[in-house]
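Structure record follows, encoded as structure tokens.
What you are looking at is a predicted structure, and each value in this text was computed from that prediction instead of being measured. Atoms within a ligand are numbered from 1 in the order they appear, just like the ligands themselves.
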Amino acid sequence: MSSDNAQSLTDGFHLVIDALKLNGIKTLYAVPGIPITDLLRMSQAEGLRVISFRHEQHAGYAASIAGFLTQKPGVCLTVSAPGFLNGLTALAHATTNCFPMILISGSSEREIVDLQQGDYEEMDQLAVAKPVCKAAFRVLHAQDIGIGVARAIRAACSGRPGGVYLDLPAKLFAQTMDAAAGAKSLVKVVDPAPAHIPAPESVARALSLLKSAKKPLIILGKGAAYAQADADIRAFVEKSGIPYLPMSMAKGLLPDTHPQSAGAARSTVLKDADVVMLIGARLNWLLSHGKGKTWGAPGTQTFIHVDIDPKEMDSNIGIAAPVVGDIASTVAAFLKAMGDSWPKAPAEWMALVRDKVEGNVAKMAPRLQNNNVPMDYHGALGVLKRIFKERPETILVNEGANTLDFARSIIDIYQPRKRLDVGTWGVMGIGMGYSIAAAIETGKPVVAVEGDSAFGFSGMEIETICRYKLPVCVVVFNNGGIYRGTDKNPTGGEDVATTVFVKDARYDKMMEAFGGVGVNATSPDELARAVNAAIDCGKPTLINAVIDEKAGTESGRIGNLNPQSVVGKKA
Ligand code: ADP
Ligand code: TPW
Ligand code: MG
């Protein structure tokens with residue numbers, strides 16, 4: 001407890017810091033300014049690690065992924081109105097992706113804000129935050145800081161995790177109170193994410209349906225990765241003998257090279273499975289809402305859905321066997337109920353899936369060995385695939401369109417929570433924030449595979465990476481634009497097309513400006529050497545990987561989502 005000994009007083013600043021520390025928060029992701037500059041200074045003095053960013057959005061994305069990686073809320077601190085709004089995208093992102101995060105923003109004087117009298121950075125932040133977060137709280141009195149922080153932590157972590165907003169008006173920080181009373185007012189949250197034990201009958205219903213299946217499939221989502229029940233999930237999948245499909249950020253829960261992985265037979269298993277068990281994955285757009293051409297004919301497939309949020313059941317289609325519980329407790333209950341004599345899934349089905357996987361992997365293999373210059377996606381990613389195989393502890397951060405889609409299917413992941421990407425919204429801009437938090441929270445090397453457009457959304461944070469000397473290697477897949485570098489302005493006018501960037505840009509030189517290592521890589525061999533050297537030395541590195549500007553396709557794999565003009569495109 002920090003206090004002014006002479007008067008035995010504490011204040012809002014110290015109560016906030018003490019409340020966070022009491023609850024095991026070790027790192028703050030932030031941008032300073034009125035009214036939180038001193039809060040960050042004092043936090044550093046009190047032993048919290050404060051990572052100071054160049055833009056709040058990236059501090060926010062860092063906090064969100066820290067939450068995913070640690071099951072503790074990642075904390076982002078911003079100044080009022082504009083700083084708060086910059087952080088809000090990340091708060092909404094955390095909520096959408098079910099990551100625990102707390103956005104703490106300083107705010108202006110309530111009396112002036114509410115009368116709209118034009119205070120410094122005036123905004124009713126609480127009202128603005130509410131629609132995009134799981135919960136929002138404001139603390140007006142120093143003696144309530146302990147409860148405010150406790151409520152924020154519990155709301156972020158319990159049930160379906162999400163983003164929480166905590167509004168701290170500037171005046172609060174300077175409020176003083178008796179130090180002993182202040183210490184007593186703090187709350188250490190007991191069991192912030194209580195277990196949700198699934199009802200035994202729901203477990204029995206699910207297992208009996210699974211047992212009856214001829215062509216069962218397990219889909220693992222990022223909720224399963226978040227749950228940190230890695231050993232039990234693997235044991236369950238292996239005991240069942242059922243092929244499994246990992247969603248993007250669930251890759252590595254079992255190694256992608258596992259004999260039961262159906263990753264390379266995605267379209268076959270989605271279409272042909274008769275019983276599908278979803279574990280921590282929503283039937284949203286990423287799974288075509290569980291219906292339509294991607295799936296089997298209506299009525300031929302039955303679903304088991306494991307999720308902590310009861311409202312998720314029947315969200316898109318009827319669920320035959322809902323299991324509402326936390327994944328760790330649920331998978332443990334499955335294993336227990338399966339006993340020692342559980343029959344493995346029909347061998348013909350697993351063999352059919354295996355055949356398909358091996359065929360597709362073999363078809364892809366030669367393309368991944370190509371030495372084309374300029375590089376195409378396959379040549380460049382073939383190199384990275386081999387590096388991740390040799391260095392399975394490395395964390396992959398990935399965003400872009402083609403850069404994302406190809407990397408997701410080509411780079412195998414071998415350990416849980418080692419692939420971090422654009423998530424539910426397919427958002428560009430997570431790259432550097434995620435890389436920074438991944439390096440800080442895990443101490444592992446990070447390789448960020450970034451489209452040149454994607455990189456641009458957070459590129460300035462390479463200064464942050466250099467400042468904190470983080471072991472991050474950024475590989476910019478530079479194809480000179482969004483999707484391709486070849487588009488033309490339809491009018492033939494002077495402005496270039498809206499999807500293309502400056503030709504032959506040298507992103508590596510940006511890194512050199514901050515003292516990091518910059519490399520221009522034009523061939524797969526140069527790329528391999530540069531990435532290996534970066535991981536070996538642990539120095540901030542940016543590799544400008546020159547990719548054929550014709551290699552990509554519009555919107556990568558989701559071009560079908562582009563609206564089509566009925567009037568028709570200009571020839
Ligand atoms: P993906 O994008 O990988 O398909 P989603 O983000 O759509 O995954 O789904 C994650 C789901 O996991 C959410 O519905 C969320 O409620 C659920 N979830 C998160 N943590 C847990 C947990 N510990 N136990 C059970 N379900 C969880
Ligand atoms: C916050 C729209 C989707 S993908 C993409 C944009 C702008 C960039 C693709 O180009 P990149 O990759 O990164 O160079 P590549 O290999 O195909 O050339 N704003 C936000 N999020 C999204 N998703 C977009 C815009 C978009
Ligand atoms: Mg590009």
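Judged by distance alone, with hydrogens and angles left aside, the side-chain atoms of Asn23 form a donor-acceptor pair with the main-chain N or O of Val189 at under 3.5 Å. In this structure a side-chain-to-backbone donor-acceptor pair under 3.5 Å is present from Gln71 to Tyr226. In this structure, Arg484 contributes its side chain and Gly552 its backbone to a donor-acceptor pair below 3.5 Å. In terms of modelled atom types and a separation under 3.5 Å, the side chain of Thr403 and the main chain of Glu450 share no donor-acceptor contact. Using modelled atom types, one side-chain atom of Arg154 and one backbone atom of Val190 make a donor-acceptor pair closer than 3.5 Å. At least one donor-acceptor pair closer than 3.5 Å links the side chain of Glu399 to the backbone N or O of Gly431. For Asn478 (side chain) and Asn544 (main-chain N/O), no donor-acceptor pair under 3.5 Å exists by modelled atom type. Judged by distance alone, with hydrogens and angles left aside, the side-chain atoms of Gln260 form a donor-acceptor pair with the main-chain N or O of Ile242 at under 3.5 Å. Side-chain N or O atoms of Lys134 include one that pairs as donor or acceptor with a backbone N or O of Ala155 at under 3.5 Å. In this structure a side-chain-to-backbone donor-acceptor pair under 3.5 Å is missing from Asn372 to Met375.
In this structure, Gly552 does not count as a contact residue of ligand 2, since none of its heavy atoms falls inside 4.0 Å of the ligand. A heavy-atom separation below 4.0 Å is not found between Ala250 and ligand 1. The shortest heavy-atom distance from Gly325 to ligand 1 is under 4.0 Å.
Closest to atom 26 (N) of ligand 1 by heavy atom, among Ile219, Leu220, Ile308, Val323, is Ile308. Across Glu399, Glu554, Glu450, Met428, heavy-atom proximity to atom 3 (C) of ligand 2 is greatest for Met428. Comparing Pro161, Ala227, Ala195, Ser248 against atom 23 (N) of ligand 1, the shortest heavy-atom distance belongs to Ala227. With distances taken over non-hydrogen atoms, the option nearest atom 6 (O) of ligand 1 out of Gln228, Gln71, Lys222 is Lys222.
The distance from atom CD1 of Ile304 to atom CG of Leu209, rounded to the nearest 0.5 Å, is 4.5 Å. Note that the CG atom of Asp326 and the CD1 atom of Ile308 stand 5.0 Å from one another [nearest 0.5 Å].
Here Ala281 has heavy atoms under 4.0 Å from ligand 1 in both its backbone and its side chain. In Phe455, neither the side chain nor the backbone holds a heavy atom less than 4.0 Å from any atom of ligand 2. Only side-chain heavy atoms of Asn479 come within less than 4.0 Å of ligand 2; its backbone N, CA, C and O stay farther off. Of the heavy atoms in Phe477, none comes closer than 4.0 Å to ligand 2.
Judged by the 6.0 Å distance and 45° axis criteria, Arg234 is not positioned over the aromatic ring of Tyr244.
For the Mg ion (ligand 3), the N/O/S atoms of Gly481 include one lying under 2.8 Å. Among the atoms of Asn402, no N, O or S atom is found under 2.8 Å from the Mg ion (ligand 3).
Looking at Gly481 next to ligand 2, an N or O pair under 3.5 Å apart turns up. Below 3.5 Å of separation, one finds no N or O of Cys98 facing any N or O of ligand 1. Between Arg160 and ligand 1, at least one pair of N/O atoms sits closer than 3.5 Å. At least one N or O atom of Asp307 sits closer than 3.5 Å to an N or O atom of ligand 1. Taking distance alone, with nitrogen or oxygen atoms compared against 3.5 Å, Ile482 stays at or beyond that limit from ligand 2. Annotation: Ala401 places an N or O atom under 3.5 Å from an N or O atom of ligand 2; distance criterion only. Taking distance alone, with nitrogen or oxygen atoms compared against 3.5 Å, Arg484 stays at or beyond that limit from ligand 2.
Atom 7 (C) of ligand 2 has Ser453 OG, 3.8 Å as its closest protein atom, hydrogens excluded (heavy atom only). Asp452 OD1, 2.6 Å is the protein heavy atom nearest to atom 14 (O) of ligand 2. Nearest non-hydrogen protein atom to atom 7 (O) of ligand 1 is Arg282 NE, 2.9 Å. Gly426 O, 2.8 Å is the protein heavy atom nearest to atom 23 (N) of ligand 2. When hydrogens are left out, the protein atom nearest atom 22 (C) of ligand 1 is Ile327 N, 3.9 Å; that is the closest non-hydrogen contact. Here the protein heavy atom with the shortest distance to atom 25 (C) of ligand 2 is Phe457 CZ, 4.0 Å. Atom 18 (N) of ligand 1 has Gly223 CA, 3.9 Å as its closest protein atom, hydrogens excluded (heavy atom only).
Taking the Mg ion (ligand 3) as reference, Asp452 places its N/O/S atom OD1 nearest.
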Go through the steps to decide whether Lys251 and Asp256 satisfy the test salt bridge (Lys or Arg N to Asp or Glu O under 4.0 Å), and finish with yes or no. CA-CA 7 Å; Lys251 278 162 67 82; Asp256 280 334; 2.9 Å; yes
Residues Thr96, Thr424; criterion side chain to side chain donor-acceptor pair (under 3.5 Å); working and verdict: CA-CA 7 Å; Thr96 298; Thr424 304; over 6 Å; no
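Interface of Gly280 with ligand 1, defined as ligand atoms under 4.0 Å from a residue heavy atom, comprises 8 (O), 9 (O), 10 (C), 11 (C), 12 (O). Close contacts between ligand 2 and Ala454 involve ligand atoms 13 (O) [criterion: under 4.0 Å to a heavy atom]. Near Tyr226, the atoms of ligand 1 lying under 4.0 angstrom from a non-hydrogen atom of the residue are 20 (N). For ligand 2 and Thr403, the ligand atoms under 4.0 Å from any heavy atom of the residue are 12 (O), 15 (P), 16 (O). Atoms of ligand 1 lying under 4.0 Å from at least one heavy atom of Gly221, given by number and element, are 3 (O). Atoms of ligand 1 lying under 4.0 Å from any heavy atom of Asn284, numbered from 1 in the order shown and given with element: 7 (O). In summary, the atoms of ligand 1 found under 4.0 Å from a heavy atom of Met247, numbered by their order in the structure, are 3 (O), 4 (O). Of all atoms in ligand 2, listed by their number and element, those nearer than 4.0 Å to a heavy atom of Tyr377 are 15 (P), 16 (O), 18 (O).
A donor-acceptor contact closer than 3.5 angstrom is absent between the side chains of Arg54 and Thr464. Using modelled atom types and a 3.5 Å distance limit, the side chains of His289 and Asn316 yield a donor-acceptor pair. For the 3.5 Å distance criterion, the side chains of Ser288 and Lys293 fail to qualify, holding no donor opposite an acceptor.
Salt-bridge formation is not detected for the pair Arg557/Asp405: no Lys NZ or Arg NE/NH1/NH2 atom is positioned less than 4.0 Å from an Asp or Glu carboxylate oxygen.
Between Phe84 and Tyr165, the ring centre distance stays below 6.0 Å.
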